[in-house]
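Reading through the structure tokens given below for one structure.
Please read these numbers as outputs of a predicted model, since none were measured by experiment. Both backbone and side-chain heavy atoms feed into the values below; hydrogens, waters and symmetry mates do not. Order of the sequence lines fixes the chain letters, A, B, ..., with proteins taken first and strands second; residue numbering starts at 1 for each chain.
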Amino acid sequence: MKKIINEPMDFVDEMLEGLLLAHGGQLKAAESDPRAIIRADAPVSGKVAILTGGGSGHLPVFLGYVGEGLADGCSVGNVFSSPSAETMYEATLATHGGAGCLYLYGHYSGDTMNFDMAAEMAAMDDIRVETVLVSDDVASAPPDQWQRRRGVGGLFFVYKIAGAAAAEGMDLDNVARVARAASQSVRSMGVALSPCTVPAAGVPTFTIGDAEMEIGMGIHGEAGVHRGPLETADSIATRLVDAVVNDLPFERGDRVAVLVNGLGATPPEELYILYRRVRHLLDEAGLVTYRSYVGEYATSLEMAGASVSLLRLDDELTRLLDAPARSPFFQQS
Amino acid sequence: MKKIINEPMDFVDEMLEGLLLAHGGQLKAAESDPRAIIRADAPVSGKVAILTGGGSGHLPVFLGYVGEGLADGCSVGNVFSSPSAETMYEATLATHGGAGCLYLYGHYSGDTMNFDMAAEMAAMDDIRVETVLVSDDVASAPPDQWQRRRGVGGLFFVYKIAGAAAAEGMDLDNVARVARAASQSVRSMGVALSPCTVPAAGVPTFTIGDAEMEIGMGIHGEAGVHRGPLETADSIATRLVDAVVNDLPFERGDRVAVLVNGLGATPPEELYILYRRVRHLLDEAGLVTYRSYVGEYATSLEMAGASVSLLRLDDELTRLLDAPARSPFFQQS
Amino acid sequence: MADVLSREDVLAALRQLAADLTAGADRLRELDAAIGDGDLGITVTIGFGAMCEALDDLADQDIATILQRSGMAFNRKAASTFGVLFATMMMRAAREARGLETLGLADIARMAQAAAEGVMERGKAQLGDKTLLDALVPAAQALQASAESGEALAPALRQASLVAADGVTATIDLRSKSGRSSWFADRSVGTQDPGATAIQMMLESLAAYAERMA
Amino acid sequence: MADVLSREDVLAALRQLAADLTAGADRLRELDAAIGDGDLGITVTIGFGAMCEALDDLADQDIATILQRSGMAFNRKAASTFGVLFATMMMRAAREARGLETLGLADIARMAQAAAEGVMERGKAQLGDKTLLDALVPAAQALQASAESGEALAPALRQASLVAADGVTATIDLRSKSGRSSWFADRSVGTQDPGATAIQMMLESLAAYAERMA
Ligand SMILES: Nc1ncnc2c1ncn2[C@@H]1O[C@H](COP(=O)(O)OP(=O)(O)O)[C@@H](O)[C@H]1O
Ligand SMILES: Nc1ncnc2c1ncn2[C@@H]1O[C@H](COP(=O)(O)OP(=O)(O)O)[C@@H](O)[C@H]1O
Ligand SMILES: [Mg+2]
Ligand SMILES: [Mg+2]
Ligand SMILES: [Mg+2]
Ligand SMILES: [Mg+2]
């Protein structure tokens, strides 16, 4: 894959420089750490600070969800690699508004261990930290071990919910409570059509036949649950929706929000073709689609493919999902 | 290129069905023509209606700029093909609010001839139509023949300006005047790294070596001004900015808005790396960057590459660029 | 037997033309891919398909209506430069056919002339710009000349098709000055114009129809 | 000459370890690409590079500080599962080295034990989960046994490195239960664990250093 880059080793830092030049009104780097990207108006006094982070290469995840009604800060790792505990700690210090912090991120072991170490460092400064992990990818472990699953596109919903809760003034316990409720109510499943190449590695993360697809493949190329000939959009939709709906399970009458997410190279046109059938299937299953999001919400560089995420909504989650939000990558009014 | 589609011939209609299912609150199809996509609240009485259109495969162009503070309706063609004069005429009837219509679209001969035919049909109904073409791609003709150039990413700026003018109540002459001013003040240049495949054709629109790039290539694969080895992001930025700045020309002290646009498969991370150097170059040239947009604003299916567009701003264009806008693909508040 | 086309002939000739151009779609796709965007193959396949569907509903209409509506049907489903120019040609030809129950060579020559003028107005191109005009204009002139010299229909159409073929050949060395291929700059030199090729195929099809009739 | 590592030895041994692991980076990348995400090669290259840079500034510090700060420097630049576990190991080892001006085998055995416990607390994995613990835990036990039986430093480290190598071999048949490779399910069987391989390389490097010293 050809890339518009300079030195591969400078990928992340040059990306951040460009991002801050473009969105200086909304974002800044913490003074103590250029890899800690925070809201321009951080710390927001009296508000629970939401901290996230993870490897680069997934924009808008994670960085793209720092903003009003969303997260307060993000620790930025190398491509597909965890950020460091120290950066997380610096981001915590720079966003903490006196009401405690929620560490909210996708479940990957490296990230978890670093965030845990950062939480220990914050605890020594008497900063209270709660942690909520998002483990929405149904392909990565069976339902009875859902907490072992990795976090993917469903992260977006949990940012949206937790961010709205913090913005409306909930305390840390309640922000953590609604984040956990959202995390437990969201499920995702994806399909990959082509690999991506980590700039510093120079070789694709995996190989796949010219006429093949892989259902359930992870966003770094982790193996999925089914590899076979490329199918139509309608059959792909059926596979993804079935896996997601049967997992929670979602039941007739449930109110849901749906996200059809592009992994990078798949055009929006194809996402709408996929969404079309997803929507038919949800209607047939008796689920009430309350809100739909179609676009690139969590990517893997230039990987081709898509994922479907479903969030079950109660009245509280509905209110929080409806709230306004604003970042350089996501706006809802 | 592998695609998430069903029958290639159903690509556009299934895409539209999915889009309307997802964004029914904001968009609808005209009753008389499913390929005429208009604002859900159209016609807006007393407001100048802005009509656009063009081939599919370029989302958010063209359809994605139908919304508040943007265009009122869009005629949707087959992939990379003009929509028909009849669809344009139906879109005109369905959005006309009594204050006349502006036909605003990118310069491609097929589109122009169809829009001209539609304008003749509208004239028979005593609907006043003004036409403004966007011809921003400096690669496609020399400066003294700029009106022969094709329209690319700069379209976004002209939608934004004209849409804001119509929303604030300007009459048709003035909406056309500011649209023309914007169109004359915007320049773009792009680079393509890989081709895309029109679904019904099944073969890539062009071929390019594994380590090559083409500067100035058109969004349908029309030949560019320079093909050579792939260069770094910084040299690409220099080529694109030089071409754009020297063309108008933009001069020291000019206030500008800049768009770094992804053509489809190029990740946002790379766009920010490109933007970083673009911004350095604009600063060095003494141009004052007033607003920046980085992301996918005009694409060619899964083509890899990017473009840079620059708009020179006077006070009126600045005010109109700052105005709020809202569509399923673009929001500014 | 009078040397004219009846309403039924027009319907049949249009269907034959649709079949012949569809059969040549791949050739047109290739040419358009070389100096344009490669969609002309799809355009003629979809467009002539839509035209044939429209013809089913036009079986009872007069010649002018058949021409006008079937041309619009083409562009409605396969709008493009070629689509709108084809619709324009059919519309202008229809105007010349108004009130006629059969078409003689003189009528056809007048219709071809009107079609060429319509294309010039719509597309603002000149002869020599490497467009379909380079086939259409000399063909229309040839038809006019044949009509004036009292030629029969079939040989006149055959002659027009040969003249169009020369026009197509002449486009090979031309540098495109209009439409999408003009953005391909010098790369357009060396390839014959796809739109002109389509016009030549259409005349070829009409000539063959007339020859079979004769 | 006492059978201990001085402050200077610690600095030199860490630099040598960095060089050896960087030389083996491609092997680690390959292993991690087979059952993980392939970044371990980059991680050790960047991480040990950062550690060496940090060592430049730590030349005057005591052993505990050297270990703690250089471990954090690794993770700061190359955070990841391996990075944070390496930092944790160094931090726990540093705690055991507090106040010491030289390290004998008994100290090193205690430090290895503390490092292994730190990894278990941080990563919540068990022996047999196909992680670096499968090399680290038996190696720490071997050092402990050597220290108790009065073994010299160099052969004790060599023995620990051999035990670690057996641990690595044993991971080949294990099914990953922890970390990213557990998502690769059964595909992880048949490939040795990359993290365990890195631990074995580290012990190999330390043993070679001690042997050259002796
Ligand atoms: N201004 C014009 N006047 C007449 N014919 C034109 C003009 N521009 C283009 N053409 C013809 O149209 C043909 C291409 O048609 P088509 O593939 O439909 O174009 P596009 O894909 O650019 O919409 C060209 O080969 C040429 O013959
Ligand atoms: N919970 C754990 N405890 C101990 N070691 C672990 C654990 N999870 C993973 N590892 C080790 O980490 C190695 C992979 O490191 P690394 O490539 O940095 O991981 P990642 O890329 O997933 O962040 C594995 O080979 C394994 O030895
Ligand atoms: Mg990793
Ligand atoms: Mg075309
Ligand atoms: Mg074409
Ligand atoms: Mg790894």
Exercise. Any chance NZ of B:Lys3 has more than 12 other-residue heavy atoms, nucleotides or ligands included, within less than 6.0 Å?
Worked result: yes
Exercise. Are C:Arg122 and B:Glu120 ion-paired here, with the side-chain N under 4.0 Å from a carboxylate O?
Worked result: yes
For this session: Can you establish whether the number of heavy atoms outside C:Glu101 located under 6.0 Å from its atom CD is more than 12?
Result: no
Problem set entry | Intermediate values then yes/no, side-chain contact (heavy atoms from CB on, under 4.5 Å), C:Val84 and B:Met117 | CA-CA 8 Å; C:Val84 68; B:Met117 192 184 246; 4.1 Å; yes
Exercise. Sub-3.5 Å donor-acceptor pair from the side chain of B:Ser82 to the main-chain atoms of C:Ser80, do we have one?
Worked result: no
For this session: With a 4.5 angstrom heavy-atom cut-off, could you sort out which part of B:Val79 is near chain C: side chain, backbone, both or neither?
Result: neither
For this session: Could you pull out the closest heavy-atom pair between C:Arg76 and B:Ser84, with the gap in Å?
Result: CA-CB, 3.6 Å
Problem set entry | B:Met113 vs C:Lys124 side-chain heavy atoms within contact, under 4.5 Å | no
Exercise. More than 12 foreign heavy atoms under 6.0 Å from CG of C:Asp60: is that the case here?
Worked result: no
For this session: With rounding to the nearest 0.5 Å, note down the distance linking CG in C:Leu85 to CG in B:Asn114.
Result: 9.0 Å
Exercise. Is C:Thr45 close to B:Met9 at the side-chain level, that is, under 4.5 Å between some pair of heavy atoms?
Worked result: no
Exercise. Can you tell which of C:Thr81, C:Asp39, C:Leu40 makes a side-chain contact (heavy atoms from CB on, under 4.5 Å) with B:Ser81?
Worked result: C:Asp39
Exercise. How about C:Ile42 and B:Asn78: do any of their side-chain heavy atoms sit closer than 4.5 Å?
Worked result: no
